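Reading through the structure tokens given below for one structure.
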Amino acid sequence: MNYGMKPLALLAALSLLPAVLHGGEKWTPLFNGKNLDGWTPKITGFELGENYKNTFRVEDGLLKVRFDGYDKFDGHFGHLFFNKPFKNYRLRVEYRIVGEQAPGGPGWAKRNSGIMIHCQDPKTMGKGQNFPVSIEVQILGGLGKGDRPTGNLCTPGTNVVIENQLFKQHCLNSTSPTFDGEEWVTIEVEVRNEHIKHLVNGKVVLEYDKPQLDPRDRDAQALIELADGEKLLHGGYISLQAESHPIDFRKVEIMELP
């Protein structure tokens, strides 16, 4: 009579246990470490797909945002869009803020970038549109004094719900620490239906619900019309920002959720 599994079979079964317990977690890289395949730039003042002055580039296995070809920033805000929209997922990004801000960049954009989620389709953006209608997971670096958290929330053309109240302000700080210098930081964003979490280096720093289009915003108004009046956002495109300060990304990966 067989009273149990053979040792090898038991070991094989136990090796699968972590995947079962964690829902078979599988991370898929969106950035391949070699080139910008799968990504499309949209820079203010230029057509979709035009990578002005080689703003977005891959060097040494890193996805880099650079402004060394600019004489002056001149309001050329950039966003690099992944070519597929997502709905329920966990996104993980490793970044570091480096170097000096481009000449002419706005003061608020020093050591500032962002990960945009729930973005509008980049094909619907106007040539002169600065930012996609989206939810921004704001990346900030310290300025050498005072608190300046990262993983914050900003809402270009959108609103969210926090503690059952519609939040209409443009930005909200997270509870993350301040990161001065050029160290690597990991930001994760978990999107489950209408609930969103921001995590910094593995710790939850911000949560909110029901991302939605803001009818006060001109660009959002057009999207509301296209959606027959629907304002709630259930998903969208992901993009990485170029806001006048250089930044490196060494990992951009996603785990799609049921």
Side-chain angles (χ1 to χ4, degrees), residues 22-31 36-42 48-49 78-93 113-126 129-139 151-162 164 166-168 170-172 174 187-199 204-241 249 251-258:
H22 294 283
E25 290 184 359
K26 181 181 178 182
W27 290 94
T28 301
L30 301 184
F31 167 54
L36 295 178
D37 286 357
W39 296 85
T40 302
K42 173 64 184 77
L48 179 65
H79 295 83
L80 185 67
F81 286 84
F82 191 71
N83 291 342
K84 172 188 171 183
F86 294 95
K87 193 170 183 180
N88 289 309
Y89 57 88
R90 190 163 179 142
L91 178 70
R92 184 159 63 196
V93 176
S113 189
I115 304 159
M116 319 299 276
I117 65 170
H118 285 22
C119 293
Q120 68 184 104
D121 186 331
K123 296 185 184 70
T124 66
M125 288 183 66
Q129 187 174 338
N130 286 333
F131 306 98
V133 173
S134 57
I135 297 292
E136 177 183 353
V137 183
Q138 186 189 48
I139 292 172
N152 308 314
L153 167 70
C154 291
T155 53
T158 55
N159 296 315
V160 300
V161 171
I162 298 175
N164 297 316
L166 188 65
F167 183 79
K168 295 183 179 181
H170 179 55
C171 289
L172 177 67
S174 79
I187 283 185
E188 295 178 65
V189 187
E190 184 177 295
V191 178
R192 289 184 183 268
N193 298 319
E194 296 172 358
H195 185 70
I196 299 177
K197 293 181 185 179
H198 297 186
L199 299 91
V204 176
V205 296
L206 188 59
E207 297 186 62
Y208 49 91
D209 296 285
K210 296 183 178 174
Q212 56 196 271
L213 298 170
D214 183 354
R216 301 170 300 169
D217 180 84
R218 183 181 62 183
D219 295 318
Q221 288 169 5
L223 297 174
I224 292 171
E225 289 183 20
L226 286 173
D228 295 324
E230 175 64 41
K231 291 188 290 185
L232 280 178
L233 294 170
H234 303 287
Y237 289 81
I238 292 167
S239 68
L240 305 175
Q241 272 194 331
F249 299 95
K251 183 181 288 186
V252 184
E253 58 186 3
I254 199 164
M255 177 171 60
E256 296 191 72
L257 303 174

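Only a predicted model underlies this, so the values are computations on that prediction, with no experimental measurement involved.
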Exercise. side-chain contact (heavy atoms from CB on, under 4.5 Å) between His198 and Ile187: does it pass, once the steps are laid out?
Worked result: CA-CA 7 Å; His198 297 186; Ile187 283 185; 5.9 Å; no
For this session: Walk me through it: do Arg192 and Leu257 pass the test side-chain contact (heavy atoms from CB on, under 4.5 Å)?
Result: CA-CA 8 Å; Arg192 289 184 183 268; Leu257 303 174; 3.7 Å; yes
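- Considering all non-hydrogen atoms of both residues, Phe31 and Phe249 come closest at CE2-O, 3.9 Å.
- Nearest heavy-atom pair, Pro41 versus Leu80, reported as atom, atom and distance to 0.1 Å: N-CD1, 3.7 Å.
- The CD1 atom of Ile135 sits 6.0 Å away from the CG atom of Leu153 when rounded to the nearest 0.5 Å.
- The CD1 atom of Ile196 sits 4.0 Å away from the NE2 atom of His118 when rounded to the nearest 0.5 Å.
- Residues Met116 and Ser134 come closest through the heavy atom pair CE-OG, 3.2 Å.
- The aromatic rings of His79 and Phe81 lie tilted to each other, with the angle between the two planes from 30° to 60°.
- What you find for Asp217 and Gly157 is that their closest heavy atoms are CG-CA, 3.6 Å.
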Exercise. Can you list the steps and then say if Trp39 with Leu240 is a side-chain contact (heavy atoms from CB on, under 4.5 Å)?
Worked result: CA-CA 10 Å; Trp39 296 85; Leu240 305 175; 4.2 Å; yes
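- A pairwise comparison of heavy atoms in Leu206 and Asn152 identifies CD2-C, 4.1 Å as the closest pair.
- Contact between Cys119 and Ser239 at its shortest, heavy atoms only, is SG-OG, 3.6 Å.
- Checked options Asn159, Leu233, Asp219; the residue passing with Leu213 is Leu233 (criterion: side-chain contact (heavy atoms from CB on, under 4.5 Å)).
- Separating the CG atom in Leu91 from the CG atom in Leu199 is a distance of 11.0 Å, to the nearest 0.5 Å.
- Looking at heavy atoms from C-beta onward, Lys123 lies in side-chain contact with Leu48 at the 4.5 angstrom threshold.
- Exactly one residue among Thr158, Ile224, Val161, Thr155 makes a side-chain contact (heavy atoms from CB on, under 4.5 Å) with Gln212. That residue is Val161.
- Under a 3.5 Å cut-off, the side chain of Gln221 and the backbone N or O of Pro215 do form a donor-acceptor pair.
- A distance of 9.5 Å separates OH of Tyr208 from CG of Leu172, quoted to the nearest 0.5 Å.
- A donor-acceptor distance shorter than 3.5 angstrom exists from the side chain of Ser113 to the backbone of Gln241, with no hydrogens or angles considered.
- In terms of modelled atom types and a separation under 3.5 Å, the side chain of Glu230 and the main chain of Leu232 share a donor-acceptor contact.
- Without hydrogens or angle criteria, Arg92 side chain to Trp27 main chain gives no donor-acceptor distance under 3.5 Å.
- Here the CG-CG distance, from Asp121 to Asn83, works out to 10.0 Å after rounding to the nearest 0.5 Å.
- Considering NZ of Lys84 and CD1 of Ile254, their distance stands at 7.5 Å, rounded to 0.5 Å.
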Exercise. side-chain contact (heavy atoms from CB on, under 4.5 Å) between Met255 and Lys26: does it pass, once the steps are laid out?
Worked result: CA-CA 6 Å; Met255 177 171 60; Lys26 181 181 178 182; 5.5 Å; no
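- Evaluation of the salt bridge (Lys or Arg N to Asp or Glu O under 4.0 Å) rule for Arg90 yields Glu188, Glu190 as partners, not counting sequence neighbours.
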